[in-house]
Amino acid sequence: MASEATTLRVGDRDVRISSPSRVLWPDLGVTKLDLARYLVEVGTPFVAANGDRPISLQRFGGDVDGDQYFSKNPPRGTPDYVRAVDVTYPSGRVHPQLVIDEPAAAVWAAQMNTLVFHPWASRAEQPDLPDQLRIDLDPQPGTSFADAVTAALDLRAVLDEAGLTAFVKTSGNRGLHVFAPIEPTHEFLEVRHAVIAAARELERRTPDRVTTAWWKEERGDRLLVDYNQANRDRTMAGAWSPRALPRASVSLPVTWDDLPGIDPAEHTVLTVPERLQTHGDPWASMHESPGRIDTLLAWWERDVADGLGELPFPPDFPKMPGEPPRVQPSRARKPAAD
């Protein structure tokens with residue numbers, strides 16, 4: 001007996017969808033075919049935001065509550081319209097990574113059970129040179145999405161003073177992602193230093209609301225400005241990407257004017273296409289006028305001269321020059337002996 005399958009027309013391509021009735025988000029009954037159709041409907045802004053970049057696919061064996069893994073290199077049977085580019089990981093290893101260039105490639109990824117798309121901050125042609133500065137505003141216990149909104153507005157002002165134009169999207173959960181387009185002239189470590197400089201400046205201005213503390217025990221009821229998302233091979237869910245959360249929420253680009261009234265839970269793979277039709281793509285002009293990180297790097301050098309050096313890297317990264325001793329963020333440190 002033939003297996004259930006259907007075909008979607010995506011541009012000038014036909015993409016086969018096997019098991020289209022498989023439920024991926026049980027709470028809403030959202031199926032694999034629903035996901036594929038969503039990616040068709042948001043295809044143009046999705047590719048504008050996530051295309052031409054090395055990308056990792058978060059794939060699932062069943063629904064969002066099941067087993068998952070990250071797929072980076074092209075799997076067997078990858079169609080010829082889905083390319084790959086060689087990238088260098090923090091370990092120094094070079095490996096091919098998938099690239100999405102058109103909506104059909106995103107729909108093919110959904111056929112391969114991809115629910116979440118994680119693009120790099122750099123382009124496929126220059127994978128070592130980010131063209132986006134990214135900052136993750138991560139609410140901690142005792143803080144809320146409203147706190148993230150306040151922090152994002154404050155961060156926008158900081159970046160504006162540094163000569164950068166900020167764009168914002170929901171994470172699809174409780175946090176916010178603030179991006180700024182930059183000229184691809186600096187390597188990842190330098191961009192990370194620029195992010196740290198911006199994060200420290202935000203922390204100076206609102207020390208009771210945000211923190212750069214890597215260890216959870218030091219954060220208190222403050223929102224984390226996660227600078228480590230700026231590292232090579234560190235990615236976050238892309239714009240317009242679904243999230244593997246019960247309500248099938250989407251990481252949604254929004255305007256700064258709309259941000260205070262946004263409820264992330266309302267924007268799902270079922271509702272976002274209509275919003276796109278009525279509101280358009282708030283990120284359409286993102287890369288028209290990229291900025292430079294010179295001012296932020298000058299702030300970094302100033303802070304280094306004042307005794308503020310490197311901040312901790314994730315534990316799976318090679319040890320970096322000037323990095324303080326590593327401790328996992330969730331590992332409580334014993335008090336020093338008397």
Side-chain angles (χ1 to χ4, degrees), residues 15 17-19 22-28 30-40 42-43 45-47 49-78 82-85 87 89-90 95-101 103-122 124 127 132 134 136 138 169-175 177 179 226 228-229 231-253 264 267-270 272 314 316:
V15 183
I17 306 297
S18 62
S19 305
R22 176 188 295 168
V23 175
L24 301 177
W25 285 274
D27 286 7
L28 294 183
V30 176
T31 66
K32 188 175 181 179
L33 183 58
D34 292 329
L35 171 60
R37 286 173 171 162
Y38 165 79
L39 292 168
V40 173
V42 302
F46 180 94
V47 172
N50 305 301
D52 191 32
R53 300 179 182 279
I55 198 165
S56 298
L57 308 180
Q58 190 175 350
R59 298 167 61 186
F60 288 73
D63 62 30
V64 293
D65 297 320
D67 295 336
Q68 59 180 288
Y69 60 98
F70 282 85
S71 179
K72 300 180 179 182
N73 58 307
R76 181 178 301 176
T78 299
V82 180
R83 64 178 169 127
V85 62
V87 298
Y89 297 108
H95 203 276
Q97 186 119 10
L98 289 161
V99 180
I100 286 177
D101 291 317
V107 175
W108 163 80
Q111 155 61 16
M112 300 297 290
N113 302 314
T114 301
L115 271 62
V116 191
F117 297 79
H118 299 261
W120 278 38
S122 56
Q132 291 175 337
R134 300 174 171 183
D136 180 14
D138 186 9
K169 67 183 180 73
T170 67
S171 69
N173 198 3
R174 300 174 63 240
H177 299 157
F179 283 33
D226 188 354
N228 268 326
Q229 293 298 340
N231 295 340
R232 179 190 298 271
D233 194 31
R234 272 297 190 270
T235 58
M236 54 184 70
W240 309 102
S241 173
R243 298 303 308 274
L245 298 168
R247 288 198 55 78
S249 55
V250 167
S251 185
L252 179 71
H267 303 292
T268 72
V269 296
L270 300 179
V272 164
D316 56 332

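Position 1 is the first residue of the sequence, and the numbers go up from there.
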Closest heavy-atom contact between [X] and [Y]?
{"X": "Q111", "Y": "S18", "answer": "OE1-N, 2.8 Å"}
{"X": "G172", "Y": "R243", "answer": "CA-CG, 3.9 Å"}
{"X": "A110", "Y": "L39", "answer": "CB-CD1, 3.7 Å"}
{"X": "V30", "Y": "A248", "answer": "CG2-CB, 4.4 Å"}
{"X": "P246", "Y": "W25", "answer": "O-CD1, 4.0 Å"}
{"X": "A36", "Y": "V107", "answer": "O-CG2, 3.9 Å"}

Return the [atom1] to [atom2] distance between [X] and [Y], rounded to the nearest 0.5 Å.
{"X": "F70", "Y": "T235", "atom1": "CZ", "atom2": "OG1", "answer": "6.5 Å"}
{"X": "W108", "Y": "T78", "atom1": "CH2", "atom2": "OG1", "answer": "4.0 Å"}
{"X": "K169", "Y": "S241", "atom1": "NZ", "atom2": "OG", "answer": "8.0 Å"}
{"X": "H177", "Y": "D226", "atom1": "NE2", "atom2": "CG", "answer": "9.0 Å"}
{"X": "L245", "Y": "N173", "atom1": "CG", "atom2": "CG", "answer": "5.0 Å"}
{"X": "H95", "Y": "N73", "atom1": "NE2", "atom2": "CG", "answer": "4.5 Å"}

Could you tell me whether the side chain of [Y] reaches within less than 4.5 Å of the side chain of [X], counting heavy atoms only?
{"X": "P242", "Y": "L115", "value": "no"}
{"X": "Q97", "Y": "S56", "value": "yes"}
{"X": "V250", "Y": "Y38", "value": "yes"}
{"X": "P96", "Y": "P74", "value": "yes"}
{"X": "M236", "Y": "D136", "value": "yes"}
{"X": "N231", "Y": "P90", "value": "no"}
{"X": "I55", "Y": "W120", "value": "no"}
{"X": "F46", "Y": "P103", "value": "no"}

side-chain contact (heavy atoms from CB on, under 4.5 Å) assessment of K32 paired with I17
CA-CA 8 Å; K32 188 175 181 179; I17 306 297; 4.2 Å; yes
(message) Between L24 and F60, is the side-chain contact (heavy atoms from CB on, under 4.5 Å) condition met? List the steps.
(response) CA-CA 9 Å; L24 301 177; F60 288 73; over 6 Å; no
Using salt bridge (charged side-chain N to carboxylate O under 4.0 Å, His left out) as the criterion, list what pairs up with [X], not counting sequence neighbours.
{"X": "D27", "value": "none"}
{"X": "R83", "value": "D52, D101, E125"}
{"X": "K72", "value": "D233"}
{"X": "R53", "value": "D131"}

_For residues 59-70, which residue pairs pass the side-chain hydrogen bond (donor to acceptor under 3.5 Å, both in side chains) check, not counting sequence neighbours?_
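Of all non-adjacent pairs touching residues 59-70, those that pass side-chain hydrogen bond (donor to acceptor under 3.5 Å, both in side chains) are Q58-Q68, R59-Y69, R59-S71.
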If only atom types and distance count, is the side chain of [X] paired as donor or acceptor with the main-chain N or O of [Y] below 3.5 Å?
{"X": "S251", "Y": "W240", "result": "no"}
{"X": "Q229", "Y": "R234", "result": "no"}
{"X": "N50", "Y": "H118", "result": "no"}

Discussion item. Atom CZ of residue position R247 - does it have more than 12 heavy atoms of other residues, nucleotides or ligands inside 6.0 Å?
Written reply: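 At most 12 heavy atoms, drawn from other residues, nucleotides or ligands, come within 6.0 Å of this atom.
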Quiz item: Yes or no on side-chain contact (heavy atoms from CB on, under 4.5 Å) for V269 and R37, after CA distance, side-chain angles and deciding distance?
Solution: CA-CA 9 Å; V269 296; R37 286 173 171 162; over 6 Å; no
Problem - Partners passing side-chain hydrogen bond (donor to acceptor under 3.5 Å, both in side chains) against T31 (at least two apart in sequence or in another chain) - result: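 Here the qualifying residues are D34.
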Determine, stepwise, if the pair S249 / H267 fulfils side-chain contact (heavy atoms from CB on, under 4.5 Å). CA-CA 6 Å; S249 55; H267 303 292; over 6 Å; no
